[in-house]
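All values reported here derive from a predicted model rather than from experimental measurement.
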Amino acid sequence: MAPPVAVSPLIKTARYSALIAGIIYGKKRYDNLKPIAAEERKIEEEEKKVREEQERIAKQLAEASEESILK
């Protein structure tokens, strides 16, 4: 097997620059999306509460109708 070839300093610099730029972009993107996701979770939680309340009411109505049928 041949010994590894020395990598050009220009290529090394470009690779590390791209890595750092990617980290900075990712941090900015994350900071931008974080409040949006928090708002979506809040809305989803409120919708879940409403849905559970509707299911509870529907269950009570079903039980009440069963009781009236059995009587």
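- A salt bridge links R56 with E53: at least one charged nitrogen is closer than 4.0 Å to a carboxylate oxygen.
- With contacts defined as side-chain heavy-atom distances shorter than 4.5 Å, the pair D31/K27 qualifies.
- Both Y16 and I23 sit in one connected hydrophobic cluster of ILVMFWY residues. Membership requires side-chain heavy atoms under 4.5 Å apart, directly or through other members.
- Heavy atoms of other residues, nucleotides or ligands lying less than 6.0 angstrom from CD of E46 number more than 12.
- Between I57 and Q54 the shortest side-chain heavy-atom distance does not fall below 4.5 Å.
- The distance from atom CD of E39 to atom CZ of R41, rounded to the nearest 0.5 Å, is 10.5 Å.
- The heavy-atom pair separating N32 from I36 by the smallest distance is O-CD1, 3.7 Å.
- Note: L33 CG to E40 CD = 9.0 Å, rounded to the nearest 0.5 Å.
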